[in-house]
Amino acid sequence: MSQAAASRVQADLERLLPLLDARLTVAFQQGEAERLGEAMRYSLEAGGKRVRPVLCLLAAEAVGGQIESALPGALALEYIHTYSLIHDDLPAMDDDDLRRGRPTNHKVFGEGHAILAGDGLLTEAFRVLADGPGEPARRLEALSLLAEAAGWRGMVGGQALDLEGEARAKTHRLTKRDGPKGEAQEGPSEGETLAHYDFDHLQLIHRLKTGALLRASLEIGAVLGGATPADRQALRATGEALGLAFQIQDDILDATATDADLGKRAGKDAGRGKITYPSLLGLDGARKALEEATETALCQLASLPNRTSLEAWARYLAQRAN
Ligand code: GRG
């Protein structure tokens with residue numbers, strides 16, 4: 001990444017993070033269910049890169065809109081993202097102990113409260129956007145985009161497909177291990193298992209599970225910022241490409257970084273026999289796919305009036321170290 005792009009990302013963080021941090025936990029400070037409020041604040045305050053809210057705010061700026069008008073969208077995106085991480089870490093899902101460099105929510109507050117903390121964040125996302133400032137028609141459009149991206153046609157659907165794929169891979173491994181004298185029993189061959197969970201399927205899962213919310217981050221910012229239809233379409237396409245790039249880099253980091261670098265367990269994908277970009281294309285192939293997706297994002301941005309920050313962020317996301 002060039003020095004200019006790195007400085008731009010740093011400057012964006014310095015001006016945008018205080019705006020987000022000042023509002024992020026306000027809704028969870030007071031209420032009857034105090035411990036639940038604490039559980040929601042715990043995960044929000046644990047850090048995180050704030051990629052989705054920042055992209056949302058930058059998208060509004062990129063189309064000539066005001067940051068303030070996009071803030072409710074930015075908060076809503078971080079609430080949904082944080083809820084998804086809390087639920088993803090539960091024993092019924094990925095069963096993780098470490099997230100954002102801290103013990104996971106259910107390790108501190110128990111499974112029941114972690115489920116409810118996720119539910120509380122999910123529902124607050126829609127309230128903050130419904131009540132926020134700005135034109136009602138734009139907020140209504142943003143609500144619809146958020147529901148589509150977070151729900152069963154987006155992130156939740158992608159998570160379901162991922163769980164189903166993992167269950168199939170596990171059954172296949174068990175079938176092999178349980179055979180007489182340790183030999184493989186009759187069952188699906190490796191090729192047959194891969195056919196169920198091949199590259200197209202991997203891309204579908206990524207597009208839904210990770211990509212949908214990232215794409216929505218840019219499109220919601222565009223809508224709240226009052227984008228023209230052409231600018232909105234350009235940002236939607238940018239988000240699609242950035243979502244893919246983000247996931248490829250996530251796969252690469254899982255294969256190459258340490259727990260300490262990531263603030264979460266590294267090497268999970270290989271441990272679970274998951275199909276990933278590096279496992280299918282090799283590390284070099286995955287890096288090439290990452291470059292291509294980033295270039296696509298940069299091309300889509302070319303027609304926008306204020307694109308410098310988003311260009312810098314596209315480069316940063318491809319090179320992020322955690
Ligand atoms: C439980 C409904 C439900 C969905 C879970 C997003 C997700 C779906 C699971 C997370 C699993 C995972 C590691 C996906 C890969 C991409 C991803 C979302 C990484 C985490 O996002 P970052 O890097 O996290 O933006 P921070 O902590 O920086 O906010």
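In listed order, ligands and their atoms are each counted from 1.
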Ligand 1 atoms in contact with Gln247 (distance to a heavy atom under 4.0 Å)
15 (C), 16 (C)

For atom 17 (C) of ligand 1, closest protein heavy-atom neighbour:
Phe246 CE2, 4.0 Å

Any salt bridge linking Arg232 with Glu141? Criterion: basic side-chain nitrogen under 4.0 Å from a carboxylate oxygen.
yes

In plain terms, say whether Glu240 and Arg236 are close enough for a salt bridge, that is, a side-chain N and a carboxylate O under 4.0 Å apart.
no

For a side chain to side chain donor-acceptor pair (under 3.5 Å) check, start with the C-alpha distance between Thr104 and Arg99, then their side-chain angles and the critical distance, and finish with the verdict.
CA-CA 5 Å; Thr104 44; Arg99 170 71 66 182; over 6 Å; no

Identify the closest protein heavy atom to atom 14 (C) of ligand 1: which residue and atom is it, and at what distance?
Lys209 CE, 3.8 Å

Does any part of the side chain of Phe126, heavy atoms only, come nearer than 4.5 Å to the side chain of Tyr79, both counted from C-beta?
no

Give the residue and atom name of whichever protein heavy atom lies nearest to atom 23 (O) of ligand 1, and the separation in Å to one decimal.
Lys49 NZ, 2.6 Å

One thing to verify: whether Arg320 and Asp250 come together as a salt bridge, which I'm taking to mean a side-chain N less than 4.0 angstrom from a carboxylate O.
yes

Do Leu298 and Thr238 make a side-chain contact, defined as non-hydrogen atoms from C-beta onward lying under 4.5 Å apart?
no

Would you check whether Ser84 has a nitrogen or oxygen atom less than 3.5 angstrom from a nitrogen or oxygen atom of ligand 1?
no

Is Glu68 salt-bridged to Arg23, going by a charged N under 4.0 Å from an acidic O?
yes

Write out the residue and atom name of the closest protein heavy atom to atom 13 (C) of ligand 1, then the distance separating them to 0.1 Å.
Lys264 NZ, 3.7 Å

When every non-hydrogen atom of Ala318 is compared with those of Leu290, the smallest separation belongs to O-CD2, 3.4 Å

Contact with ligand 1 for Arg52, non-hydrogen, under 4.0 angstrom:
yes

Closer than 4.0 Å to some heavy atom of Tyr83 - which atoms of ligand 1 meet that?
2 (C)

Number the atoms of ligand 1 from 1 as they appear, then name those within less than 4.0 Å of a heavy atom of Val156, with their elements.
2 (C)

Polar proximity ligand 1 side, Asp250 side, N/O cut 3.5 Å exclusive:
no

Within-cut-off N or O pair, His81 and ligand 1, under 3.5 Å:
yes

In the protein, which heavy atom is nearest to atom 8 (C) of ligand 1, and how far is it?
Gln159 OE1, 3.4 Å

In terms of atom number and element, which parts of ligand 1 are under 4.0 angstrom from non-hydrogen atoms of His87?
1 (C)

Which atoms from ligand 1 have a heavy atom of Arg100 less than 4.0 Å away?
26 (P), 27 (O), 29 (O)

Would you mind listing which atoms of ligand 1 come within a distance below 4.0 Å of any non-hydrogen atom of Gly48?
26 (P), 27 (O), 28 (O), 29 (O)

Ion pair check, Arg15 and Glu61, cut-off under 4.0 Å:
yes

Should Glu291 and Lys288 count as an ion pair when the cut-off is N to O under 4.0 Å?
no

Would you check if Asp231 and Thr228 make a side-chain contact, meaning some heavy-atom pair closer than 4.5 Å?
yes

Counting from 1, what ligand 1 atoms have a heavy atom of Thr210 closer than 4.0 Å?
16 (C)

Please write down residue, atom name and distance for the protein heavy atom closest to atom 11 (C) of ligand 1.
Asp88 OD2, 3.3 Å

